[in-house]
Amino acid sequence: MDWIRDCGMCASERERAWTVATHSADFFARFAPVADEDRLLAAALWVYWGFAFDDARCDSGPLSSRPAQFNALAGQVQRACEADTARGADRFVGALQDIVRRFRGFAPPTQVSRFTQAHRAWLSGVAWQIGNQAAGRMPDLDDFLAMRLLSSGGEPTFALLELATGARVPDRELHRPVVRALTEMAILVAALDNDRHSLHKELAGGQADQNVYTVLMQERSCALQDAVVAATGLRDRVLLRFVALHDRVRPAAGADLGTYLQGLRYGIRGNNEWGLRVPRYLSGGYWPDEMDDTLLTWADEPSDTRPGPVEGAPSIAWWWDPDLA
């Protein structure tokens, strides 16, 4: 918490309180329970940074409907992530460079480079989202899913797995189509879960612009309740495919790839557990409440078990390619 106070990224005590209330250390510890403390701390600091940046500069800040201004800032932020000598006036730049400096202190260049590339992908997705918002454009389901794979922040979050655990997955394994498919499926399941976690708060605050529910309501001319049913079914179908494909790949995986794949599994479950309790989504007041420790209950079975690609979503249909292995 001292780092959040001292790094300069929070402009007010309220911003600091909401950043602390993301419980990002708890969040990422669920992704990488085998990580040592120094590596886990550095990864958690980026998650705190990412939530603070998202709140102040992306979802509801002054740049949330100004794509030209956001793109200029995103370029500066991304270069600061890539180069320690880069400079930027924005209050988030120095904090980000401190975090990436920590990564460079304990991780090989390959793993740091993978993170910075994933960071660029995230910012590109946010730019896509802000462009839609500025134009008053609601994407169709396929465009939304492609955008959400990027804008959700799942790319850099799962890229932290190697940094936190010390795994060094060889290129020939990490870039296999089947491993890429598993990564994307984990990202999308977590992103759709987050849409569900944040729905009530977004509706209450008048911020429910682009999420899977508003997309489905427009595309299918249906009520919110029907959109929730459809989105849950979509999410469950992707998760079932993830489990089936993971179980085909994992037995032959090397140790480092196995650690990475287990991190994807931990991340899906951990994100859901965290999101159902965290003040970021549950608190509706001016200041965040305490973390909810209510016992969670889970569905006994998926809501939709239909095999094959999701209808109306060709951009993710390749996940069901029978030749993936």
Side-chain angles (χ1 to χ4, degrees), residues 4 9-12 14-24 27 46-78 81 90-93 95-96 118-139 143-157 187-188 190-215 217-218 231 271 274-276 278-288:
I4 295 172
M9 70 178 181
C10 295
S12 66
R14 180 169 179 258
E15 275 193 24
R16 188 194 69 80
W18 278 103
T19 299
V20 171
T22 64
H23 291 270
S24 296
F27 170 83
W46 183 83
V47 181
Y48 280 115
W49 181 93
F51 281 128
F53 183 82
D54 183 65
D55 288 342
R57 299 288 185 261
C58 306
D59 278 354
S60 57
L63 305 184
S64 62
S65 59
R66 302 168 67 188
Q69 290 84 348
F70 176 81
N71 287 344
L73 173 62
Q76 294 174 3
V77 167
Q78 180 59 29
C81 182
D90 191 84
R91 56 189 163 98
F92 286 93
V93 166
L96 177 61
H119 201 273
R120 181 182 293 275
W122 167 51
L123 292 175
S124 74
V126 176
W128 187 352
Q129 174 184 301
I130 289 175
N132 285 342
Q133 186 164 321
R137 180 191 308 114
M138 182 65 72
D143 274 355
F144 172 78
L145 296 178
M147 180 191 77
R148 197 76 175 101
L149 282 169
L150 300 170
S151 66
S152 67
E155 290 279 2
T157 302
I187 290 170
L188 187 60
L192 296 178
D193 284 341
N194 287 351
D195 279 2
R196 180 65 177 268
H197 300 152
S198 63
L199 179 62
H200 177 76
K201 188 170 183 177
E202 288 183 354
L203 288 172
Q207 298 175 354
D209 177 31
Q210 296 169 71
N211 59 51
V212 68
Y213 308 110
T214 56
V215 166
M217 288 168 67
Q218 173 164 299
N271 174 74
W274 165 87
L276 289 167
V278 72
R280 175 176 177 81
Y281 298 134
L282 298 181
S283 298
Y286 189 81
W287 296 96

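Counting from 1, the numbers follow the sequence of the chain as shown.
Here the straight-line distance linking atom CD1 of I130 with atom OG of S64 works out to 6.5 Å at 0.5 Å rounding. Separation of atoms CG (L123) and OG (S151) is listed at 11.0 Å; rounding is to 0.5 Å. For the atom pair NE2 of H119 and OG of S124, the computed distance is 11.5 Å after rounding to the nearest 0.5 Å. Separation of atoms CD (Q210) and CD (Q218) is listed at 10.5 Å; rounding is to 0.5 Å. The CG atom of L188 sits 5.5 Å away from atom CG of L145, with the distance rounded to the nearest 0.5 Å. N211 contributes atom CG, which lies 6.0 Å from atom CZ of F144 (distance to the nearest 0.5 angstrom).
Ring pair Y281/W274 is perpendicular by interplanar angle, where above 60° counts as perpendicular and below 30° as parallel. Between F70 and F53, the angle of the ring planes lies from 30° to 60°, which puts this pair in the tilted group.
The two residues S24 and V47 have their closest heavy-atom pair at OG-CG1, 3.4 Å. The minimum heavy-atom distance between P67 and A134, with the atom names listed, is CD-CB, 3.5 Å. Residues H197 and G275 approach most closely at ND1-CA, 3.5 Å, considering heavy atoms. For the residue pair A231 and Y213, the shortest heavy atom distance occurs at CB-CE2, 3.5 Å. What you find for V215 and P139 is that their closest heavy atoms are CG1-O, 3.6 Å.
Not a single donor-acceptor pair under 3.5 Å links the side chain of T22 to the backbone N or O of Y48. No donor-acceptor pair under 3.5 Å is formed between the side chain of Q69 and the backbone N or O of L63. Distance alone, capped at 3.5 Å, is enough to place a donor-acceptor pair between the W18 side chain and the Y286 backbone.
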Inset, instruction - Under the side-chain contact (heavy atoms from CB on, under 4.5 Å) rule, what do W49 and T19 come out as? Steps first, then yes or no, please. - result: CA-CA 8 Å; W49 181 93; T19 299; over 6 Å; no
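When K201, R280, R14 are each tested for a salt bridge (charged side-chain N to carboxylate O under 4.0 Å, His left out) with D55, only one passes: R280.
Residues forming a salt bridge (charged side-chain N to carboxylate O under 4.0 Å, His left out) with R148 (at least two apart in sequence, or on another chain): D195. V93 is linked by a side-chain contact (heavy atoms from CB on, under 4.5 Å) to V77, A80, D90, Q97, counting only residues two or more places apart in sequence or in another chain.
Using a 4.5 Å heavy-atom threshold, the side chains of Q129 and D59 count as touching. In this structure, the side chains of M138 and N132 stay at 4.5 Å or more apart for every pair of heavy atoms.
Within 6.0 Å of atom CZ in R196, 12 or fewer heavy atoms from other residues, nucleotides or ligands are found, so the atom counts as exposed in its surroundings.
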